[in-house]
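What follows is a single structure, written as structure tokens, with notes after it.
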Amino acid sequence: MAKGKVDALLGIVFGDEGKGKVVDCFTPKYDIVARFAGGPNAGHTIIFEGKKFVLRSIPSGIFDEGKVNIIGNGCVIAPDLFMAEAKELEAAGYDLKSRLHISKRAHLILPTHRVLDRAYEAAKGKNKVGTTGKGIGPTYSEKAARTSLRVGDILENFSEKYAALKSRHEQILKDLHYTDYDITEEERLWLEGVEYMKSFPLTDTEIELHKALKAGKSVLAEGAQGTMLDIDHGTYPFVSSSSTCSGGVCTGLGVAPNAIGEIFGIFKAYSTRVGSGPFPVELFDETGDKIREIGNEYGAVTGRNRRCGWVDLVALKYAIALNGVTQLIMMKSDVLDTFDTIKACVAYKKDGVVTEDMPYDTEGWEAVYEELPGWKTDLTGLTSPDQFPKAFQDYIDYLEKALETPITIVSVGPDRAQTISRA
Ligand code: GDP
Ligand code: IMO
Ligand code: MG
């Protein structure tokens with residue numbers, strides 16, 4: 001953490017790496033925590049003192065009462081879901097209204113965007129992206145098409161603007177022959193959410209950040225999704241619709257590249273993916289089922305099975321380079337505690353071609369593995385690196401050497417306390 005800088009914590013694989021947990025752990029060191037991309041497609045889990053929260057749009061720095069949290073311009077926000085999430089935190093005793101600032105430039109997800117999300121998925125047949133159904137793609141599409149509504153729009157003549165956009169959506173849905181939907185109740189809550197949002201500071205968060213950085217404050221940018229779901233660099237078209245990489249921090253918060261400090265890349269000791277799309281390390285056998293069971297790999301947003309496999313060094317090397325990762329954080333190490341051996345994917349192969357570089361079309365590639373001994377030790381109670389069993393230390397050394405980047409934090413359980421610093 002450096003004064004006057006923005007550090008970024010980014011998921012560098014397919015999301016759900018444990019970003020929420022680590023942002024929560026890091027928050028005491030920072031003045032401001034800010035989300036720069038995505039919306040309620042995210043599900044960030046935070047567990048401490050026997051309490052569990054799953055955050056979608058609200059940054060994971062919110063549990064540190066003294067800190068300002070920002071929903072940046074690069075985010076998309078659904079007022080009804082935001083209201084439900086914020087009220088849950090308020091009911092748990094957290095005061096949000098003064099310290100959760102929302103960018104007027106963030107874009108609004110309408111109820112009809114969610115219907116469009118379902119309609120586009122239905123029209124895709126076999127090639128469904130497997131979206132979270134939160135209206136992410138349709139909202140970001142309209143942002144690019146310059147037909148969307150922003151948070152700032154709720155402050156003036158909103159009813160007309162809303163009615164016009166909704167009716168455009170209804171026409172598109174009619175054209176798609178997707179008319180069997182009823183948003184009456186959803187819309188009621190959504191409009192209530194719009195009013196509720198007005199009780200929060202809706203600000204030019206970009207300017208607020210410029211002033212804070214100039215005054216020497218430190219900012220932590222919290223990623224959502226992961227590098228392989230990035231709209232440009234992920235496994236397109238099986239991706240989300242935002243810039244999840246470090247470049248997205250600049251565009252999604254309005255901060256300059258030279259304001260960026262450390263870039264923490266977070267990954268699991270193995271791999272997971274929710275939704276469709278290529279996943280060369282996917283295990284379809286009992287080993288994959290065992291990882292899913294022990295790791296509780298079911299989506300925090302949709303409850304879907306997460307697809308599981310061994311760690312993927314091809315994807316990690318690509319993500320480290322794309323993001324300029326300076327430090328790695330390895331999560332869920334404890335999930336591999338009982339395995340006799342651990343594998344790491346070091347290359348992909350297809351039709352006699354072997355590559356260590358992320359291919360343009362990741363479809364149809366098979367993983368090439370190296371195998372390492374398991375540590376067969378319960379890591380969950382460990383508190384310091386000098387307690388690590390040798391085989392676990394060897395796994396860390398192996399990854400650090402292959403990835404040419406230090407692993408400075410290791411997580412051995414879901415609780416805030418189960419986080420070990422190696423720095
Ligand atoms: P995020 O989207 O990156 O914030 O991650 P999610 O919250 O979607 O998924 C991570 C899941 O792993 C959550 O259920 C966490 O409680 C859990 N978790 C985080 N770190 C660890 C860990 O080190 N070990 C175990 N067993 N679970 C963890
Ligand atoms: P966090 O922040 C894992 C996936 C969806 C789908 C694709 C597109 O919790 O890590 P979308 O609804 O964004 O249009 O879906 O992206 N996806 C995620 N997978 N973690 C996430 O967020 C995700 N957000 C979206 O499953 O495959
Ligand atoms: Mg998640």
Side-chain angles (χ1 to χ4, degrees), residues 9-25 35-48 51-57 59-60 75-76 78 109 113-114 116-118 120-121 128-141 222-231 234-242 244 266-279 291 293-307 329-337 378-380 382 409-420:
L9 188 136
L10 308 172
I12 54 170
V13 204
F14 285 107
D16 300 330
E17 296 92 348
K19 298 175 288 292
K21 169 180 160 161
V22 178
V23 168
D24 170 64
C25 288
R35 276 274 305 268
F36 63 89
N41 49 346
H44 296 179
T45 314
I46 294 113
I47 300 176
F48 58 93
K51 290 178 274 191
K52 175 177 166 178
F53 297 94
V54 180
L55 299 181
R56 292 173 171 191
S57 292
S60 303
C75 295
V76 289
I109 303 175
H113 279 132
R114 296 192 285 243
L116 283 167
D117 196 352
R118 295 201 291 277
Y120 291 141
E121 280 285 86
K128 287 185 185 17
V129 176
T131 72
T132 58
K134 303 292 178 208
I136 304 297
T139 307
Y140 277 112
S141 306
E222 172 179 359
Q225 291 74 55
T227 297
M228 299 309 296
L229 293 171
D230 182 273
I231 184 72
T235 54
Y236 191 91
F238 300 99
V239 291
S240 191
S241 302
S242 62
T244 63
I266 180 167
F267 70 106
K268 291 178 194 172
Y270 51 94
S271 302
T272 61
R273 169 164 207 173
V274 217
S276 324
F279 189 37
I291 295 176
E293 277 313 304
I294 301 176
N296 193 25
E297 293 297 353
Y298 304 96
V301 173
T302 56
R304 291 178 290 179
N305 274 9
R306 292 182 185 146
R307 302 153 69 193
I329 300 177
M330 184 165 78
M331 306 301 286
K332 302 193 89 160
S333 318
D334 54 296
V335 172
L336 301 184
D337 281 356
D378 179 1
L379 300 179
T380 56
L382 305 190
I409 288 175
V410 164
S411 176
V412 293
D415 196 275
R416 194 191 261 174
Q418 291 169 301
T419 316
I420 303 174

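Both ligands and their constituent atoms are indexed starting at 1 by order of listing.
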(message) For a distance under 2.8 Å, tell me if G43 has an N/O/S atom near the Mg ion (ligand 3).
(response)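 Here the distance criterion (N, O or S atom, under 2.8 Å) is met by G43, so yes.
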Under 4.0 angstrom from ligand 2, any heavy atom of [X]?
X	value
R304	yes
H44	yes
G38	no
S241	no
R306	no
V239	yes

(message) Please list, in number order, the atoms of ligand 1 under 4.0 Å from a heavy atom of S411.
(response)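 Selected atoms, number and element: 20 (N), 21 (C), 22 (C), 23 (O).
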(message) Tell me the contacting part of F238 for ligand 2: side chain, backbone, both, or neither, using a 4.0 Å heavy-atom threshold, strictly below.
(response)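 It is neither; nothing of F238 touches ligand 2.
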(message) One residue to check: R273. Relative to ligand 2, which of side chain, backbone, both or neither has a non-hydrogen atom less than 4.0 Å away?
(response)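 It is neither; nothing of R273 touches ligand 2.
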(message) Heavy-atom distances under 4.0 Å decide this one: backbone, side chain, both or neither, for K21 against ligand 1?
(response)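 The part of K21 near ligand 1 is the side chain, not the backbone.
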(request) Answer side chain, backbone, both or neither: which part of D334 comes under 4.0 Å from ligand 1, heavy atoms only. (result)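 It is the side chain that touches ligand 1; the backbone stays farther off.
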(request) Take every heavy atom of G15, measure it against each atom of ligand 1, and state whether any distance is under 4.0 Å. (result)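 Not so, G15 does not reach ligand 1.
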(message) So, taking the atom named CG in L9 and the one named CD1 in I329, what distance separates them when rounded to the nearest 0.5 Å?
(response)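 Taking CG in L9 and CD1 in I329, the distance rounds to 5.0 Å.
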(request) Determine, considering heavy atoms only, which of G295, G43, G20, G11 sits nearest to atom 2 (O) of ligand 1. (result)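 It is G43 that holds the nearest heavy atom.
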(message) Tell me the nearest of G413, G38, G223 to atom 22 (C) of ligand 1, using heavy-atom distances.
(response)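 Among G413, G38, G223, the closest heavy atom to atom 22 (C) of ligand 1 comes from G413.
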(message) Which atom name would you report as the N, O or S atom of D16 nearest the Mg ion (ligand 3)?
(response)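 Going by distance to the Mg ion (ligand 3), the closest N, O or S atom in D16 is OD1.
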(message) Any salt bridge linking E297 with R304? Criterion: basic side-chain nitrogen under 4.0 Å from a carboxylate oxygen.
(response)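 Salt bridge: no.
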